[in-house]
Structure formats: C-alpha cells, structure tokens
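Beneath this line is the structure, given in structure tokens, with notes to follow.
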Amino acid sequence: MKDQLIIFDTTLRDGEQSPGASMTREEKLRIARQLERMRVNVIEAGFSAASNGDFEAVKSIAESIKESTVCSLARANENDIRRAGESIRPAAMGRIHTFIATSPIHMEKKLRMSPDQVVEQAVKAIGWAREFTDDVEFSAEDAGRSEIDFLCRIFEAVIKAGAKTINVPDTVGYNVPEQYANTIRTLIERVPGSDKVVWSVHCHNDLGLAVSNSLAAVMAGARQVECTINGLGERAGNASLEEIVMAVRTRADVFPVESRVDATQIVPASKLVSQITGYPVQPNKAIVGANAFAHESGIHQDGVLKHRETYEIMRAEDVGWNANKLVLGKHSGRNAFRSRLDALGINMASEEHLNHAFARFKELADKKHEIFDEDLQALVSDESVTPEMEHYRLLASRFHSETGETPQAQITLSVGGTETRASSDGSGPVDAAFKAIETVAKSGTELLLYSVNAITTGTDAQGEVTVRLARDGKVVNGQGADTDIIVASAKAYLNALNKLHSKFEKLNPQV
Ligand code: KIV
Ligand code: ZN
C-alpha cells in the first residue's frame, strides 16, 4: 500500500491572485464543481476576509461541495480567522488555512514583528481556528528563505496548539530541488510531533522549479502538494496540478505515493479555468497544451503508429483529451441541452435562465452545426452575467474591412440602460471596434493584452478573445466568445470595462 498524496488545489485562491484573474461567485462555483468531479482532496476556495464577495463565494462552495474538503485562507489574526470560520461552516468537510511570515526579511520589513511575537501570534491563530474546526493548516510564509531553527521552533509550537497540516511555502520561488527536499527532510526529522501531522509543500514557479521542488519534497516525505490548474498563480504561477498528478502516476515506479485524482477530468478542468480567467494555455504546456500529444516529425509519427509507446509515455485520453465529444446540434431539444448542462455540473439559476440559454444555443447551432462542451461553457459564462454586472452591453455592430480601405466599426451599445451609438475607424476592424467603444466609455485604460483562441477546431469554431486592461494599478481580464472574432473582441473589451466599472475591491492576503 502506498501513502496517499493529498492534492490541495488553490486555483480559486492563489490562482485568483494572478493579475486580472478575479472570478465571480458563479465562476468559482463552476470551477469548484469541476475540481470535486476531478476528486481533488482539498479545494482552497478563497480568502474570505478579502471582501464580501469572496466570503460569499467560499460559503457557496462550502454549501455545495460534498466530496472535497473546502478551505479558506486567513492571515493569523482573529478577524480573518472568524471570517474564514463562518464561511466554511456549511461545509461537509471544512478547513482553515492560516499563515504568518517567518523569514527574517518578512518579519522585520513587512510584519515589523519580532520572532517571539510571530510565534505567539501563530499559536493564538491556531486556537481561534480550532473554535471552528479541527482541520487547521498552518503555513510559514516565505519558509523557503526562513532559518531552519526558527521553522522548527514555530512548527513545534503550532503542532502543540493543534495544527494538523504544516505547510512549507517557497513563496518567492527561490529554492532548488535538492535544497528544498533537504529542508523538508530536516523538518520532519527535527520537529517534535512531526509524525502527527501532514507535511505540505507550496511552491512558486519564479525559477521554473515549482513542480520539481514539489516532487523532490514528496520524495523527502511531504504528503500534501498545493498546486493550481494550468500552474495559474502570482507572478510565474504555482506548481501545476496536472504535472504533479501525472508525474506521480506515470512514474509510479519512483514515487512512494498515489493520488485519488481522476485524471480524465484534467483537460476539461484546464479548459474551464483558462476560459473563465482569460489565461490561455501555451500550446507546448505539459499535459494540457494543445501540442502535448501531437507528433509533428515524420519519424515520431511513424514510431507512434507502429507502437504507441515508442514516443508516448501517457495516453491523451487518460488525461481527458478527446473528451470534447460532439454533444449537441441544431436539432437537439431542450431536454438534451439541459441534461448536457447537468453532466457538466452547470446549474442554471432558474427556468427563465435555462430558456434564455437554450434560445442562444439555437442561435449558435444555426451558425455552427457541431456544438461541443467548450461551446456550452462559453455560452453559460455569458448567461451568468447579471444586469448589475453589465453597465456596457453590445446591442449591435457593423464592421467594414476591405483591401485598400480604412477599416471602420459602427457599434450600438447599452450604457447603463441607455442606447448609444458610436463609430470609428482604425488600423484594423478590431482596433476600430475598440476605438468606437472608447469614444463612449472614455475609460483611460491601457490595453495590456489581446489574444484570440479558437474554442474548438474547425473554421466555424467560436473565437474566444481575452482583453486585459489596466487603470490606476488595477488589472482586469475580459472575455468574449463568438463565431465572429470581431464581435468576440468587442464583447471581451466591454466585459473588461464592466469589471473595472464594478469597482470591486479586495484585499490581497500577502500585501
Ligand atoms: O505563497 C505563499 O506563501 C502562500 C501562502 C499564503 C500559503 O500563498
Ligand atoms: Zn502562494
């Protein structure tokens, strides 16, 4: 019997800290349901003290998820911990994850606390958290640059206070595998009570070593890995869940652990997260990149055709490729539509929403005769937008682009409920569309990113556009999907403006 490797997914918390990756409650719920379907052990659903929206999102996830533990992050202070505790109260299995920084630079410059004060605060935090649940995790932020003697001291103290999981984050992605593995090994050897807790690792990817460091730590005794779908996360991201799970599975001969994750749900999860956050997956990304199983060179193709294992160490279908089977078409009825949404774990808020989504599905099926799961996901993303979230809405558009002529866009928008027309020319039709919108919005934003992806294959596929805008240090991503990529671009731009307009503010736990 191998040890279980606990997969702790933090896409909805650390992943959400990526610039512009903020998600709505409905979006978080959809991702949480997919994570549950994938059988991850722990879902870190958010940082409940960040805002009321975050609190409500964690609470909804706690209410609906039954098979995974639902966790909220909390700084080591009473207010954060009480918010976290209240938000996970409805969970079938709930965890509070509290943290405080332990490196000399963080304690002195950020916290302005002495090491003694930090230990005292950490112990108090565990006590507050245990009023809500026995499942308490403690993290020593910036453990990767902390002194080992101090880590031993604080971990001994929080274990005595009742922490059940001890997490050793490499917060700034500074460690290298052998050194990090040594740290974990030393802690397990030296900390009294270390055999009563689960040792956990949380690695950032600043040097591209997050997965290697996490796996080295597993070899040294860690039994929980904190990771995110597609490696999403602050700066260069976190360790990517799909790489951890598949490394452990594919090299079962090397790793002394196994995970309960259903790997066939990996690609659907990757697509969902990418679609909701607007963070595209690079084509050569391991496991979930579009080219991860594509054999280009003739020699490789020949080898794979003769005997698959000549060049393939995993099977595409085992991680959920090809799962985007043709699901529906023009003649599919309302029941087929509803049951496919059910299978994807999508609950429409009401019959009225379902009817509206079905009408839009029929419109799409007129333009595109094969409708895949990804098309449905994009369609319901639009459906979850409420009128309050949509200050700007695209009502109609007309674009003109002809060789030798200046491209032009005419757009009709609803702005706070009032119909408004705008037009502009531009260097291309997308540029013209954005400029036309700006004649009305006058947002003063900077365009940081514009990207187009085909949601599925085929020239009739929907184009999915991501637009990243920045204003006064605030960054938002907008998404739009349509079979016409200029329309998708205009929708994405308006979606980003709506996010800026909503003025949501939330705390970053680490700032
Ligand atoms: O990177 C980090 O240190 C964190 C902690 C809050 C666990 O995300
Ligand atoms: Zn982190």
Side-chain angles (χ1 to χ4, degrees), residues 6-19 21 42-50 54 58 69 71-77 80-81 83-84 95-107 109-111 118 121-122 125-126 129 135-146 150-151 154-155 158 163-175 180 183-184 187 197-211 213-214 217 222 224-241 244 277 279 506-511:
I6 297 170
I7 298 295
F8 176 114
D9 180 277
T10 182
T11 308
L12 300 177
R13 198 279 297 170
D14 221 336
E16 205 202 17
Q17 288 176 220
S18 315
V42 186
I43 299 173
E44 186 162 56
F47 168 43
S48 301
D54 280 65
V58 176
T69 297
C71 170
S72 169
L73 184 70
R75 290 169 300 186
N77 68 57
D80 272 26
I81 291 172
R83 292 294 278 167
R95 173 180 296 189
I96 296 176
H97 173 194
T98 185
F99 76 99
I100 192 162
T102 52
S103 61
I105 185 170
H106 274 228
M107 290 192 288
K109 306 279 184 220
K110 182 177 98 167
L111 298 177
V118 167
Q121 191 68 16
I126 306 299
D135 190 351
V136 177
E137 170 169 339
F138 174 76
S139 281
E141 190 194 2
D142 205 16
R145 292 187 300 169
S146 301
F150 185 60
L151 286 179
I154 196 164
F155 288 152
V158 294
K164 296 284 185 294
T165 302
I166 300 294
N167 187 34
V168 189
D170 182 18
T171 304
V172 293
Y174 180 67
N175 283 214
Y180 190 58
T183 303
I184 301 298
L187 290 169
V197 294
V198 173
W199 288 88
S200 167
V201 289
H202 175 114
C203 297
H204 280 267
N205 206 29
D206 300 66
L207 292 172
L209 293 172
V211 169
N213 285 341
S214 306
Q224 172 174 288
V225 173
E226 303 197 351
C227 43
T228 57
I229 303 289
N230 300 337
L232 194 68
E234 287 258 16
R235 307 181 309 279
N238 288 60
S240 88
L241 179 147
I244 301 284
T277 60
Y279 270 73
K506 60 160 110 188
L507 273 175
N508 178 325
Q510 286 154 300
V511 177

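For ligands, and for the atoms within them, numbers begin at 1 and follow the listed sequence.
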Self-check item: Name of the H204 atom (N/O/S only) found closest to the Zn ion (ligand 2)
Solution: NE2

Quiz item: H97 and S139: side-chain donor and acceptor closer than 3.5 Å?
Solution: yes

Practice problem: Identify the residue among D170, T171, D14 that makes a side chain to side chain donor-acceptor pair (under 3.5 Å) with H204. | Solution: D14

Exercise. Taking both backbone and side-chain atoms into account, decide whether D14 has an N/O/S atom under 2.8 Å from the Zn ion (ligand 2).
Key: yes

Quiz prompt | Any S139 heavy atom less than 4.0 Å from ligand 1 | solution = yes

Quiz item: Does ligand 1 have an atom under 4.0 Å from some heavy atom of H97?
Solution: yes

Quiz item: Would you say T228's side chain and L232's backbone share a donor-acceptor pair under 3.5 angstrom?
Solution: yes

Exercise. Do me a favour and list the nearest non-hydrogen protein atom to atom 3 (O) of ligand 1 with residue, atom name and distance?
Key: T171 OG1, 2.6 Å

Self-check item: For atom 8 (O) of ligand 1, closest protein heavy-atom neighbour
Solution: R13 NH2, 2.9 Å

Quiz item: To the nearest 0.5 Å, how far apart are CG in N213 and CG in L207?
Solution: 8.5 Å

Salt-bridge contact [X]-[Y] (side-chain N to carboxylate O under 4.0 Å):
X: R83; Y: D80; result: no
X: D54; Y: K506; result: yes
X: R13; Y: E234; result: no

Between [X] and ligand 1, find which residue part has any heavy-atom pair under 4.0 Å and reply side chain, backbone, both or neither.
X: Q510; result: side chain
X: D14; result: side chain
X: H202; result: side chain

Practice problem: With heavy atoms of E141 as the reference, note each atom of ligand 1 found under 4.0 Å away. | Solution: 3 (O)

Exercise. Heavy-atom contacts with H204 under 4.0 Å: which atoms of ligand 1 show up? List them by number with element.
Key: 1 (O)

Exercise. Taking all non-hydrogen atoms of both residues into account, name the closest pair between T98 and A125 and its distance.
Key: OG1-CB, 3.8 Å

